Amino acid sequence: MKKLKVGVIGVGNISSTHIEGYLQNPACELYAFCDINPATLKEKGEKYGVTRLYESCDRMLAELPELDAVSVCTWNNAHAPCTIAALNAGKHVFCEKPMAMNATEAEKMRAAAEKAGKVLGVGFVRRFGNDADLARALVEDGKMGEIYYAKANYIRRHGNPGGWFSDKSRSGGGPLIDLGVHVIDLVRYIAGNPKPVSVYGATFRKLDRSMIKDTRGYVVTGSDIRKDVCDVEDLAAAMIRFENGCVLTVETSYSLNTDRDTGRVEIFGTKGGIIIDPDLSFHSVLEDRMTDVTFPSSTAFNGTEYAKEIDNFVSAILHGTPLRAPAEDGIQLMRILDAVYESARTQSEVKL
Ligand SMILES: NC(=O)c1ccc[n+]([C@@H]2O[C@H](COP(=O)([O-])OP(=O)(O)OC[C@H]3O[C@@H](n4cnc5c(N)ncnc54)[C@H](O)[C@@H]3O)[C@@H](O)[C@H]2O)c1
């Protein structure tokens, strides 16, 4: 069988998960890498034995007409240009989250995919977790009843990675667009992808620049020249209302004077509730008794999800199977994020 020739644009940290995913998939051939940073490009090329190396995405696309698909793992500001260029060159694209800097860019990406007739997937990796599968099964089995309220947080106490992450011109924003995106999308996915209708949000940039430090040891890829820029929020909080009446409150931070890092998702229905922190548990009242259900093996996010999202993308290309995270969901997320930032700016509710 002819293998899919795959390229990766932006070969920094997260690209390794895509690369490993393609290497594990027998239908794929890792074919080319692209990065604007020659040192990163050389290092990744040597590590994975890839010799077609390009410092420009346009050059790679022009010189490799035989390339079938690409992953886009660049800084956020390059997601839309690289994705649109690849789609226009007839490649299928799997783009990391957040889909783009804003919803307008995301819509242009979807339009390019439709015009080219190519697959465009978004890297909402939390959709591939055992917790997400279990939660979806509970919802589909009617165990949750009507979902009407959810809470999600993704809080780092002292975890601003700096570099491009804290430079708004390249990231589009701070913890909301980087971390909040994961938990907002997970809630939407579990709840059946309801459309957002209104948002009230607040963002804060209160803390000293000395807080630009990631104590978890995350090292930003070497191409970062403006390491000291920080014009993104430290903290974002929002209340999001969906068309089915469900309301989600979300909190996310890079830096916050609290006691610890947290990541917790809670979803409440008329028959049951789900908590993910980090394992999933189910809570309800059965015959007047409060019932708490836990599961024998861990359902927490463990990194194996990245290979599953690559398999889903490859299967969509080869067999036309549905994408678990299509462009439409990337766009809905960008609409929510845009509205949080707009609401924070105007200090009023934004209707979508
Ligand atoms: N799904 C997840 O769990 C997850 C985790 C981390 C990061 N991400 C996302 O992945 C993306 C990359 O994050 P990272 O942590 O790997 O960052 P990184 O800085 O380690 O890597 C990004 C790479 O992109 C390169 N680059 C930037 N612009 C480019 C362009 N126009 N053409 C080619 N290369 C370009 C940079 O030189 C750098 O090497 C971001 O969008 C981020 O939000 C997702």
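Atoms within each ligand, like the ligands themselves, are counted from 1 in listed order. Computed from a prediction, not measured in an experiment: that's the story for all the values here.
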> At their closest point, which heavy atom of Leu248 faces which heavy atom of Ile184, and how far apart are they?
Replying inline: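 Heavy atoms of Leu248 and Ile184 come nearest at CD2-CG2, 4.1 Å.
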
Heavy-atom nearest option to [atom], drawn from [options]:
atom                    : options                     : result
atom 23 (C) of ligand 1 : Val125, Asp35, Asp58, Asn76 : Asp35
atom 17 (O) of ligand 1 : Trp164, Phe301, Trp75       : Trp164
atom 4 (C) of ligand 1  : Ile14, Leu41, Asn13         : Ile14
atom 30 (C) of ligand 1 : Asp178, Ile36, Thr40        : Ile36

Answer yes or no for [X]: is there a heavy-atom contact with ligand 1 below 4.0 Å?
X      : result
Glu55  : no
Cys73  : yes
Phe124 : no

Does one side chain, of [X] or [Y], offer a donor that lies under 3.5 Å from an acceptor on the other?
X      : Y      : value
Glu328 : Gln332 : yes
Asn153 : Thr262 : yes
His283 : Ser281 : yes

Can you list the ligand 1 atoms lying under 4.0 Å from a non-hydrogen atom of [X]?
X      : result
Pro98  : 43 (O)
His182 : 1 (N), 2 (C), 3 (O)
Phe165 : 15 (O)
Gly12  : 16 (O), 20 (O), 21 (O), 23 (C), 39 (O)

> Counting only heavy atoms, which portion of Ala78 has something under 4.0 Å from ligand 1: side chain, backbone, both, or neither?
Replying inline: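 Just the side chain.
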
>> Applying side-chain hydrogen bond (donor to acceptor under 3.5 Å, both in side chains) to Glu96 and His18, what does each step give before you reach the verdict?
In response: CA-CA 10 Å; Glu96 258 304 339; His18 292 235; 2.8 Å; yes

> Would Asp178 and Tyr254 count as a side-chain hydrogen bond (donor to acceptor under 3.5 Å, both in side chains) if you check the C-alpha gap in whole Å, the side-chain angles of each, and the deciding distance to 0.1 Å?
Replying inline: CA-CA 9 Å; Asp178 184 41; Tyr254 275 161; 3.1 Å; yes

> Pick from Lys308, Arg127, Arg324: which one makes a salt bridge (Lys or Arg N to Asp or Glu O under 4.0 Å) with Asp133?
Replying inline: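 Exactly one option meets the salt bridge (Lys or Arg N to Asp or Glu O under 4.0 Å) with Asp133, and it is Arg324.
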
>> With side-chain hydrogen bond (donor to acceptor under 3.5 Å, both in side chains) as the criterion, how do Ser198 and Glu349 come out once you've worked through the C-alpha distance, each side chain's angles and the decisive distance to 0.1 Å?
In response: CA-CA 7 Å; Ser198 67; Glu349 186 187 32; 3.1 Å; yes

> Is the NZ or CZ atom of Lys5 positioned over Tyr31's six-membered ring, under 6.0 angstrom from the centre and within 45° of the axis?
Replying inline: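 Yes, a cation-pi geometry holds between Lys5 and Tyr31.
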
> Is Glu96 in polar range of ligand 1, meaning some N or O pair under 3.5 Å apart?
Replying inline: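 Between Glu96 and ligand 1, an N or O pair is found under 3.5 Å apart.
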
